[in-house]
Amino acid sequence: MAASGTEASGGGDVGLRRRGCTYRKYDFLPEESFQSWGNYVKALSQTPGRFKDRVLTRSLDSTELVEMKAQSHNEMKKTLNWWDLIWFGIGAVIGAGIFVLTGLEARNHAGPAVVLSYVVSGVSALLSVFCYTEFAVEIPVAGGSFAYLRVELGDFMAFIAAGNILLEYVIGGAAVARSWTSYFATLCNHDSNDFRIVAPGLRENYKYLDPIAVVVIIGICFLAVLSTKGSSRLNYIASIVHVIVILFIIIAGLTKADIKNYEKFAPFGPRGVFQASAVLFFAYVGFDAVSTMAEETKNPGKDIPIGLVGSMVITTFVYCLLAVTLCLMQPYGSIDEQAPFSVAFEAVGMGWAKYVVAAGALKGMTSVLLVGAVGQARYLTHIARTHMVPPWFAQVDGKTGTPVNATVTMLTATAVIAFFSSLDVLASLLSISTLFIFSLVAIALLVRRYYVSGVTTQATRNKFIACLVLIVGSSIATAVYWSKTDKWTAYVVTAPLWFLGTLGIWILVPQARSPKLWGVPLVPWLPSLSVAINIFLLGSIDRDSFIRFAAWTLIILVYYFFFGLHASYDTAKDSLARRLEAGTNLELKKAEAAEVYAPSTARDSELDGKSGSNTSAHPAS
């Protein structure tokens, strides 16, 4: 069998697919541009033309749904329903963000008004959920936002987003794994850093080495590669335990509430509330992992809207209750930054409760790591299907139906980052990547609704572009002004400009496409508001995080121009050639059929003529 598969593939072992993290010569750079140094030099010389092609070319829904999926050689198993997605959503989101960052932001930026920070972040996340949901229903593939952006904004913007999506997942997983160690130390009656190795020669934010986080990630890796449905069942059980613990925290914590702790509700003012919102957006990261499971969902049109929107509404409500409870239990200045809820119970005389809280936090963070591992592997799988990264990562194991190569690679990167980096460094950088991607998805939804090539006229397209520039430009201006000063003067200009841009789309630009199964309500207002809020929150993030973000963007651009651009260009051209060849073959078959049909028709006519008068003797039946 193996021999025949090999021969059919045209030689070598190209056609043979082995299980697990195996690799072969052509799994990494199989494209024409990399078959010789001469080819590569020629490809580099054509970089400007190829780049223009990739910027202007948009993928098709059918390409993502059929052709890209075929690159994985095995189908992902459709085993999930809306109930699974809700629990995946809860498991993906309620973790390190609420159990660690609540204390950090309440103490340093927002005070008791941290509940308002969660409301602002929750509204922004919910608007993004609406946008994700429409795309996930229309294009139910493992690529999530990468696939959506490839269809609407083109290959280049999709690649920039892809690099930040992968960064988001690696950093998010690393942050949660380090928080896991902190709560585990609390559970064992130790300080947060007692189980970490101190490396004096490294900088402050990188000197606490975390081997426990690495071990936890290795365990998650084994679970993620075994089975998606199995991961769902484990997540389901862990999330139930998690919800029980959260209810305990709220009920037991409120019995120790002291209303005096709310006397200084917003000690740092509005700026502190929004600064905390930008960082606490980390607490909502994870729901986009659920959208990557659309390919494994039995009924995307029904299951995805219920699963995504339902889990986000529940999560936001729970976050607000937990934030209120924490700040009623302790003055904001006394809240512990590493394990706030455990220490708060100890402070009010319920020392035994800290063990329950720590155990619940560990359950929650384990769920977050598991769902993140499932989601990030599916992102990398779909990106590899386009050959922007080596197609080896796109392989799906025939037995488990999971992308083993992508899962192992992503979690290895996560473990390396978790070993070195502290939580505060990770959280701010993660929020930048996430807010940037969510803004792009909202813009892509507007493009999907209002621009269809060949349908939208040039005049309508120009109106749409002008309005979109007004929306994005005014949002950026608002964010920059907010980052520089506490004055409000410029908002009198920027807010009306955003409103006019959105109103212009609503009145002047007819919708070119309507959703088939489920659509975002109040378009263009909700996507436009999502763009504005996400960009505004970016204005509250510190300068150092933007420098790290810029450095990462530069790294992925270097990779793109030397490898990703040429690999994806060759793949796209090969795909186009195959489609044209298929179309030509179809036309030839039609022509051959017509040639066969025409002589037989002529013979029938000749026979009918010769039969002449006999025809009347044989009436039609």
Side-chain angles (χ1 to χ4, degrees), residues 14 17 23 26-35 43 46-47 49-76 135-136 138-169 288 291-292 294-295 375-396 403 405-407 409-410 437 440-441 444 448 556-579:
V14 176
R17 293 284 157 183
Y23 63 91
Y26 295 105
D27 277 337
F28 291 90
L29 294 171
E31 300 82 16
E32 182 65 26
S33 293
F34 304 102
Q35 295 312 299
Q46 296 172 352
T47 295
R50 292 184 169 203
F51 178 61
K52 180 181 178 182
D53 177 85
R54 293 295 83 202
V55 168
L56 299 178
T57 301
R58 300 194 300 164
S59 183
L60 301 172
D61 290 13
S62 58
T63 302
E64 302 300 314
L65 288 167
V66 179
E67 193 172 325
M68 290 298 104
K69 285 169 67 174
Q71 297 285 331
S72 291
H73 301 279
N74 292 297
E75 287 279 341
M76 292 186 187
F135 274 118
E138 298 277 309
I139 313 172
V141 293
S145 52
F146 170 74
Y148 315 151
L149 295 175
R150 225 169 83 87
V151 168
E152 299 305 334
L153 301 184
D155 260 26
F156 178 66
M157 289 307 300
F159 176 81
I160 296 298
N164 284 285
I165 289 164
L166 298 180
L167 177 68
E168 169 194 325
Y169 274 108
D288 52 334
S291 73
T292 69
E295 193 171 318
Q376 68 191 13
R378 278 138 189 83
Y379 264 120
L380 182 56
T381 297
H382 199 79
I383 294 166
R385 287 168 174 174
T386 69
H387 289 219
M388 286 187 188
V389 297
W392 181 76
F393 297 111
Q395 294 177 20
V396 172
N405 299 349
T407 304
T409 302
M410 289 296 291
I437 294 161
L440 287 180
V441 171
R448 183 173 182 82
I556 62 175
L557 282 175
V558 169
Y559 167 83
Y560 181 73
F561 283 111
F562 281 95
F563 294 100
L565 167 63
H566 307 292
S568 60
Y569 178 87
D570 286 351
T571 304
K573 294 309 172 188
D574 287 345
S575 173
L576 178 61
R578 284 195 301 271
R579 286 199 298 269

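Keep in mind the model is a prediction, meaning the values are calculated, not measured. Worth knowing before you read on, the calculation uses all heavy atoms, side chains too, and leaves out hydrogens, waters and symmetry mates.
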Q: Among Ile165, Leu167, Leu166, exactly one meets side chain to side chain contact (heavy atoms under 4.5 Å, CB included) together with Tyr169. Which residue is that?
A: Ile165

Q: Ala384 and Ala394: which non-hydrogen atoms are nearest, and at how many Å?
A: CB-N, 3.5 Å

Q: How are the rings of Phe34 and His566 set to each other: parallel, tilted or perpendicular (split at 30° and 60°)?
A: perpendicular

Q: Is the backbone of Ala406 close enough, under 3.5 Å, to the side chain of Thr409 for a donor and an acceptor to pair up by distance?
A: no

Q: Atom CD in Glu152, atom CG in Leu440: separation rounded to 0.5 Å?
A: 12.5 Å

Q: Is the number of heavy atoms from other residues, nucleotides or ligands within 6.0 Å of NZ (Lys52) greater than 12?
A: no

Q: Is there a side-chain contact between Val55 and Asp155 (heavy atoms, below 4.5 Å)?
A: no

Q: Please test Phe159 against Thr386 for side-chain contact (heavy atoms from CB on, under 4.5 Å), starting from the C-alpha separation and ending with a verdict.
A: CA-CA 10 Å; Phe159 176 81; Thr386 69; over 6 Å; no

Q: Give a yes or no on whether the ring-centroid distance for Phe156 and Tyr560 is below 6.0 angstrom.
A: yes

Q: Do Met157 and Leu149 come close enough that some side-chain heavy atom pair is under 4.5 Å?
A: no

Q: Is the backbone N or O of Glu31 less than 3.5 Å from a side-chain atom of Asp570, with the two atoms forming a donor-acceptor pair by type?
A: no

Q: State, yes or no, whether a side-chain contact exists between Met410 and Pro403 at a heavy-atom distance under 4.5 Å.
A: no

Q: Under 4.5 Å between any side-chain heavy atoms of Lys573 and Asp53, yes or no?
A: yes

Q: Return the minimal non-hydrogen interatomic distance between Leu557 and Ile160, and the atom names on each side.
A: CD2-CD1, 3.5 Å

Q: At their closest point, which heavy atom of Pro30 faces which heavy atom of Gln35, and how far apart are they?
A: O-NE2, 3.2 Å

Q: Is there a salt bridge (Lys or Arg N to Asp or Glu O under 4.0 Å) between Glu138 and Arg448? Walk through the geometry before answering.
A: CA-CA 11 Å; Glu138 298 277 309; Arg448 183 173 182 82; 3.4 Å; yes

Q: Phe393 versus Thr381: any side-chain heavy-atom pair under 4.5 Å?
A: no

Q: How long is the straight-line distance from CE of Met388 back to OG1 of Thr571, given to the nearest 0.5 Å?
A: 9.5 Å

Q: Taking all atoms of both residues into account, what is the closest heavy-atom pair of Leu565 and Ser568, and its distance?
A: O-OG, 3.1 Å

Q: Which heavy atom in Trp392 sits nearest to a heavy atom in Asn405, and how many Å separate them?
A: O-ND2, 2.9 Å

Q: Please check if the number of heavy atoms outside Phe562 that lie under 6.0 Å from its CZ is greater than 12.
A: no

Q: Is a donor on one side and an acceptor on the other found under 3.5 Å between the side chain of Thr57 and the backbone of Arg54?
A: no

